[in-house]
Colleague: 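Let me give you the structure first, and then I'll get to my questions.
Source: prediction; values computed, not measured. Here is how names work: the chains are called A, B, and so on, in the same order as the sequence lines, proteins then strands, and each is numbered from 1. Excluded from the calculations below are hydrogen atoms, water molecules and symmetry mates; all remaining heavy atoms, backbone and side chain alike, are included.
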Amino acid sequence: MLQEIREQWKTLIEEQLAIYAKEILKEDVILAPLTIQVPPKPELGDIAFPLFAYAKQFRLAPVKIAQVLKERIEILANRPSGQLILAGPYLNIRLDFASLIKDLKDKVLTEKDAYGNSNVFNNKKVMIEFSCPNTNKPLHLGHMRNDSLGESVSSILKANGADVQKVNLINNRGVHICKSMLAYKKFGNGETPESSNIKGDHLVGKYYVKFAQWEKEDPTAVDQAKEMLIKWEEGDKETIDLWNKMNGWTLDGLAQSYEKTGVHFDKYYYESETYKLGKDKVLKGLESGVFYQEEDGSVWIDLEEINLDKKVLLRSDGTSLYMTQDIGTAISRHEDWPFESLVYVVASEQQYHFKVLFYILEKLGYSWAKDLHHLSYGMVNLPNGKMKSREGTVVDADDLFDNLAELAKQEIQNKEREGLVDGLDKTANAIALGALNYYLLQVDPSKDMTFDPVKSISFNGNTGPYLQYMGARISSMLRKFEDQKDDYLGVEFDPSLLTTEEERELVKMIANFPEIVKKAGLNFNPSIICSNLYDISKMFSKWYHDNKILMAEDKKMVVARINLAKMVLQVIKNSFNLVGISYLETM
RNA sequence: GCGUUCGUAGCUCAGCUGGAUAGAGCGUCGGACUUCGAAUCCGCAGGUCGAAGGUUCGAAUCCUUCCGAGCGCACCA
């Protein structure tokens, strides 16, 4: 809506510029397209068109160009709504708010949860892979950033009209899996999650750590793990049974973590099921000459064409590697669901891997290799550096979540709101999750971020709970209004009453929301939604603080402001859905 | 060494497809609740946007070089 008005003005001014140019220069010239901006201060209008770019061609000061354009446009009968403002070298527009608000209210309150959605992806089939845990240890903070991003980007793509399929890949085979199995076999004494009362994924993780200790004492440990992998690939019954048992424990534990953090998938893939296809494809590629074999039997690809070295695809003992199975996984995915785009949400440390993977698939002749995309996100670091499992500095996902939920619970109790809230634990969990998702998503995905376990997650300021609190306050106010609804029968909505600076800013933000959703979708970037969400919440908060809404003296004013609050709430709720924050009516 | 990403306030981050005076939050200090929810709001202080050149009417934003940091370049995943 706002976008249409901008474009209309842009077109009109460009037309006038062209006419003006022809008068001065006596010939047709190509003019640079007009740029659209937002003025830095409200009194300068709502849309800005800088005219510097034309000064040279016109041989006139931009201030003069602006003046002439303004005079000429003002006498035109047919022009878009709004008023022209001269601001030096800028030609600005002040929007006609009354008509904008009227249309906006109808649109937002009719479309409701769908307000802001677009169809820029035009039903495109997009598969998105994220999470991808190993079955040898529990989830940590790094996985949480991955999960938050995966869920959020999926929601954002759906809101932009994509047909999204969320997939997970369980990394359940490989030497690292054998390590925890071997340690369990040696030191486990038949311990189970039930007997030890340890969550399955944590129990398996315990033996992965144990392996690392044992490895230091026994130099044959790694070789033993490799032997186990060979046995596993041969289908040795004892090995497979142990593998099944321990994987089951881990997957149970992961399922619980996913449930708590609101992570869901349409389909699960398992490396154990895809690596064989990968192996076949590598051997076929060897036959067709895409790959080559060393004397020891290992299979390689030469990456000289893309200025890289060479990469091993099958070990000399014939077992598969990470790359081998990823080739198989991609191929079987395209067979299962012929995607038009496949997005891998994987940390930036694997950029090399994906560059090579995409190249290999292209060399193997898959035309869809060009539709593969690595959504690379930055590392989550701790104040003193990287998380290291060996140094015990890994932030465990379950612990972190539980601590946050506990803090939220205490906060509710401190405020003596336990009885007012819709379930203490339920609300505390929703607050914890909102805090976590917002914290992880507000940073540009491509950038590394620092997480301070002590200070990072607060419930005040630019945080998830702040946003939830704004939602709850609006919700509370609207409930009160509904209770007194009879007092307002027949009072019409009058948009011309919304004239304060905050009200105008709120209207603009509401009107601009669809653009924000679009931008977040095209850039695969939830942080755009986050900063917009904070901006509108903060603006609402200031407005609410300085103005009476439900308590306004005049009934018409109450109705006008309540409707604006409704629109703000709708945008906040729709934003919440895109970044994994629960909307709470009370908190 | 090669590749790649990044350097913005004490800390954590916006702003980066060039435009008007570079913004938030946290932290410090100070103010605002008999009034729609104070998990709130307001104010003070805090910046040679890593450095130097270049392109441009205009550079935090684009280009080059340098300095500094992260990540990668495994028969690990």
Side-chain angles (χ1 to χ4, degrees), chain A residues 35 37 39-41 44 48 50-53 55-56 61-62 87-90 92 132 134 136 171 173-177 179 222 226 271 294 296-300 303 307-309 311-323 325-326 347-353 355-356 376 378-379 381 383 385-386 408 411-412 414-415 417 420 431 439 442-444 446-452 455-456 458-463 465-470 472-478 480-481 527-528 530-531 534-535 538 541-542 544-552 558 561-562 565 586-587:
Chain A
T35 50
Q37 287 174 217
K41 286 178 129 180
L44 293 170
L51 298 166
F52 304 97
K56 204 170 208 173
Y90 294 85
N92 293 358
C132 303
N134 293 322
N136 61 348
N171 293 301
R173 51 131 263 126
V175 180
H176 59 302
I177 304 298
K179 285 180 180 175
V222 175
K226 282 183 183 168
E271 270 196 31
E294 290 283 345
D296 64 3
S298 53
V299 178
W300 299 73
L303 302 170
N307 288 322
L308 295 173
D309 204 3
K311 181 83 188 167
V312 64
L313 302 175
L314 276 180
R315 292 191 183 95
S316 51
D317 65 11
T319 58
S320 305
L321 293 119
Y322 177 43
M323 186 64 81
Q325 69 79 23
D326 242 4
S348 60
E349 56 190 357
Q350 293 195 29
Q351 282 177 19
Y352 170 82
H353 173 79
K355 199 170 173 184
V356 174
S376 159
M379 312 294 294
N381 295 315
K386 211 180 166 179
E411 196 76 24
I412 295 167
N414 290 344
K415 293 177 196 302
R417 293 191 59 85
L420 299 168
I431 293 170
Y439 184 83
Q442 71 185 138
V443 179
D444 187 310
S446 67
K447 292 193 176 175
D448 288 355
M449 63 186 289
T450 304
F451 177 84
D452 185 331
K455 290 188 286 184
S456 284
S458 136
F459 295 160
N460 303 321
N462 187 0
T463 65
Y466 170 90
L467 302 166
Q468 285 173 317
Y469 178 64
M470 288 308 142
R473 283 167 102 185
I474 300 174
S475 158
S476 161
M477 192 168 62
L478 294 179
K480 285 184 179 153
F481 178 75
S527 75
I528 294 169
C530 289
S531 56
Y534 180 67
D535 288 344
K538 194 177 151 78
S541 190
K542 184 175 164 55
Y544 177 87
H545 184 269
D546 295 348
N547 298 279
K548 289 179 172 163
I549 298 174
L550 198 54
M551 299 306 209
V558 172
R561 288 182 172 167
I562 282 288
T586 53
M587 63 185 283

Colleague: Does A:S316 reach a base, just sugar-phosphate, or nothing at all? Heavy atoms under 4.0 Å.
Modeller: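 Base, at least one base atom sits under 4.0 Å.
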Colleague: Below the 4.0 Å mark, does B:A39 have OP1 or OP2 next to a side-chain nitrogen or oxygen of A:R473?
Modeller: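 Negative; the distance criterion is not met.
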Colleague: How long is the gap from NE2 on A:H176 to OH on A:Y322, to the nearest 0.5 Å?
Modeller: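 The NE2 atom of A:H176 sits 10.0 Å away from the OH atom of A:Y322.
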Colleague: Map A:S320 and A:M470 onto RNA chain B by nearest heavy atom, then report which one ends up closer to the 5' terminus.
Modeller: A:M470
Colleague: Could you please name the option among B:G37, B:C76, B:C41 that lies closest to any side-chain atom of A:K480?
Modeller: B:G37
Colleague: Under 4.0 Å, counting only non-hydrogen atoms across every strand here, what does A:Y469 touch: a base, just sugar-phosphate, or nothing?
Modeller: base
Colleague: Looking at A:S348 and A:G378, what are the two nearest heavy atoms and their distance?
Modeller: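 What the structure gives for the nearest pair is OG-CA, 4.0 Å.
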Colleague: Less than 4.0 angstrom between a side-chain N/O of A:S458 and OP1 or OP2 of B:C26, yes or no?
Modeller: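 Checking A:S458 against B:C26: no side-chain N or O falls below 4.0 Å of OP1 or OP2.
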Colleague: Expressed in whole Å, how much space separates the C1' atoms belonging to B:G30 and B:G46?
Modeller: 16 Å
Colleague: Can you tell me how far apart CG (A:D326) and NE2 (A:H353) are? Round to the nearest 0.5 Å.
Modeller: 4.0 Å
Colleague: What is the distance from OH of A:Y322 to P of B:A77, rounded to the nearest Å?
Modeller: 9 Å
Colleague: May I ask you to say what A:N547 touches in the nucleic acid, namely base, sugar-phosphate or nothing, with a heavy-atom cut-off under 4.0 Å?
Modeller: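 Base, at least one base heavy atom under 4.0 Å.
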Colleague: Measure from CG on A:D452 to C1' on B:G27 and round the result to the nearest Å.
Modeller: 13 Å
Colleague: Any base atoms under 4.0 Å from A:L313, or only sugar-phosphate, or nothing? Heavy atoms, all strands.
Modeller: nothing
Colleague: May I ask you to say what A:Q351 touches in the nucleic acid, namely base, sugar-phosphate or nothing, with a heavy-atom cut-off under 4.0 Å?
Modeller: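 Sugar-phosphate: the residue A:Q351, judged by heavy atoms under 4.0 Å, touches backbone atoms but no base.
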Colleague: Between B:U21 and B:G58, how far apart are the two P atoms, rounded to whole Å?
Modeller: 15 Å
Colleague: Would you measure the distance from the C1' atom in B:G18 across to the matching atom in B:C62 and give it in whole Å?
Modeller: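 B:G18 and B:C62 have their C1' atoms separated by 7 Å.
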Colleague: For A:Y466 and B:G37, what is the distance between atoms OH and P respectively, to the nearest whole Å?
Modeller: 16 Å
Colleague: Regarding A:D309, tell me which of base, sugar-phosphate or nothing describes its non-hydrogen contacts under 4.0 Å with the strands shown.
Modeller: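 Here A:D309 touches no strand at all.
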Colleague: Determine, using ring centers only, whether A:Y469 and A:F459 are less than 6.0 Å apart.
Modeller: no
Colleague: Which whole number of Å gives the distance between the C1' atom of B:G19 and that of B:C33?
Modeller: 43 Å
Colleague: Name the nucleic acid region contacted by A:R173, choosing base, sugar-phosphate or nothing; use a 4.0 angstrom heavy-atom cut-off, strictly under.
Modeller: sugar-phosphate
Colleague: Without swapping roles, check the side chain of A:N134 against the backbone of A:N136 for a donor-acceptor pair under 3.5 Å.
Modeller: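 No, the answer is negative, given that no donor and acceptor are paired below the 3.5 Å cut-off.
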Colleague: Can you name the one residue among A:Q468, A:K415, A:E411 that meets side chain to side chain contact (heavy atoms under 4.5 Å, CB included) with A:M587?
Modeller: A:Q468
Colleague: Stacking here means centres under 5.5 Å and planes under 30°; does A:Y544 stack on B:C36?
Modeller: yes
Colleague: For A:F52, which residues count as a ring pair (Phe, Tyr, Trp, His ring centres under 6.0 Å) partner, sequence neighbours excluded?
Modeller: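 With sequence neighbours excluded, A:F52 shows a ring pair (Phe, Tyr, Trp, His ring centres under 6.0 Å) to A:Y90, given in chain and number order.
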Colleague: If you look at every strand shown and take non-hydrogen atoms under 4.0 Å, does A:I549 touch a base, only sugar-phosphate, or nothing?
Modeller: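 Answer is base: heavy atoms of A:I549 come under 4.0 Å of a base.
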Colleague: Are any of A:R315's side-chain N or O atoms less than 4.0 Å away from OP1 or OP2 of B:A74?
Modeller: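 Result: no.
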Colleague: With rounding to the nearest 0.5 angstrom, report the OG to OH distance, A:S541 to A:Y544.
Modeller: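 Answer rounded to 0.5 Å: 9.0 Å.
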Colleague: Only counting residues at least two apart or in another chain, list the ones meeting salt bridge (Lys or Arg N to Asp or Glu O under 4.0 Å) with A:R173.
Modeller: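 With neighbours one apart ignored, the set is A:E233, A:E271.
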Colleague: Nearest whole angstrom, please: distance from the P of B:U4 to the CG of A:L308.
Modeller: 10 Å
Colleague: Reading nucleotides 13-25 of chain B from the 5' end, what letters show protein touch, with B for base, S for backbone sugar-phosphate only, - for no heavy atom under 4.0 Å?
Modeller: SS-B--BBB--SS
Colleague: Indicate, with a heavy-atom threshold strictly under 4.0 Å, whether A:A552 touches base, sugar-phosphate, or nothing.
Modeller: nothing
Colleague: When you get a sec, tell me which of B:U40, B:A77, B:G72 is the closest nucleotide to the side chain of A:K386?
Modeller: B:G72
Colleague: In whole angstrom, give the distance that lies between atom CD of A:E349 and atom C1' of B:C73.
Modeller: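 Going from A:E349 (CD) to B:C73 (C1'), I get 13 Å.
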Colleague: Quickly work out the A:N414 CG to B:G37 C1' distance and round it to whole Å.
Modeller: 16 Å
Colleague: For nucleotides 31-35 of chain B, list the nitrogen or oxygen atoms of the protein found under 3.5 Å from its nitrogen or oxygen atoms, one pair per line.
Modeller:
none

Colleague: Using a cut-off of strictly less than 4.0 Å, decide whether A:S476 has a side-chain nitrogen or oxygen near OP1 or OP2 of B:G37.
Modeller: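 Yes, because at least one side-chain N or O of A:S476 sits under 4.0 Å from OP1 or OP2 of B:G37.
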Colleague: Using a heavy-atom cut-off of under 4.0 Å over every strand shown, decide if A:I431 touches base, sugar-phosphate, or nothing.
Modeller: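 The residue A:I431 makes base contact.
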Colleague: In whole Å, I'd like the distance from the CZ atom of A:R417 to the P atom of B:G37.
Modeller: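 Between P of B:G37 and CZ of A:R417: 9 Å.
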Colleague: Sequence neighbours excluded, which residues qualify as side chain to side chain donor-acceptor pair (under 3.5 Å) partners of A:D317?
Modeller: A:T319
Colleague: Treating A:R315 as the side-chain partner and A:L321 as the backbone partner, does any N or O pair qualify as donor plus acceptor under 3.5 Å?
Modeller: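 Here the side-chain-to-backbone pair does not exist.
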Colleague: B:C16 and B:C11: how far apart are their C1' atoms, nearest whole angstrom?
Modeller: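 Nearest-Å result for B:C16 against B:C11 at atom C1': 22 Å.
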Colleague: Are any side-chain N or O atoms of A:N92 and backbone N or O atoms of A:L44, one a donor and one an acceptor, separated by less than 3.5 Å?
Modeller: yes
Colleague: Can you see which heavy atom on A:P383 is nearest to which on A:F451, and at what distance?
Modeller: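 Closest approach of A:P383 to A:F451: CD-O, 3.2 Å.
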Colleague: Could you tell me the separation between the CG atom of A:D326 and the C1' atom of B:A77, rounded to a whole number of Å?
Modeller: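 In whole Å, B:A77 C1' lies 10 Å from A:D326 CG.
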Colleague: Is any side-chain nitrogen or oxygen of A:Y352 closer than 4.0 Å to OP1 or OP2 of B:G72?
Modeller: no
Colleague: Reading RNA chain B 5' to 3', what string of ( ), [ ], | and . shows its pairs, if Watson-Crick and G-U wobble pairs count only when both distances fall under 3.5 Å?
Modeller: (((((((..((((.....[...))))..((((.......))))......(((((..]....))))))))))))....
Colleague: Determine the Euclidean distance between corresponding P atoms of B:G68 and B:G25; express it in Å to zero decimal places.
Modeller: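 It comes out at 35 Å once rounded to the nearest Å.
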Colleague: Nearest heavy-atom pair of A:T463 and A:S458: which atoms, and what distance?
Modeller: CG2-O, 3.2 Å
Colleague: Any base atoms under 4.0 Å from A:Q468, or only sugar-phosphate, or nothing? Heavy atoms, all strands.
Modeller: nothing
Colleague: Which heavy atom of A:N171 sits nearest a heavy atom of A:C132, and at what distance?
Modeller: ND2-O, 3.1 Å
Colleague: Could you tell me how far B:A52 sits from B:A60 if I compare only their C1' atoms? Round to whole Å.
Modeller: 16 Å
Colleague: Would you say A:K355 places a side-chain N or O within less than 4.0 Å of OP1 or OP2 belonging to B:U4?
Modeller: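 Checking A:K355 against B:U4: no side-chain N or O falls below 4.0 Å of OP1 or OP2.
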Colleague: Could you work out the separation of B:A59 and B:C63 based on their P atoms and round it to a whole Å?
Modeller: 16 Å
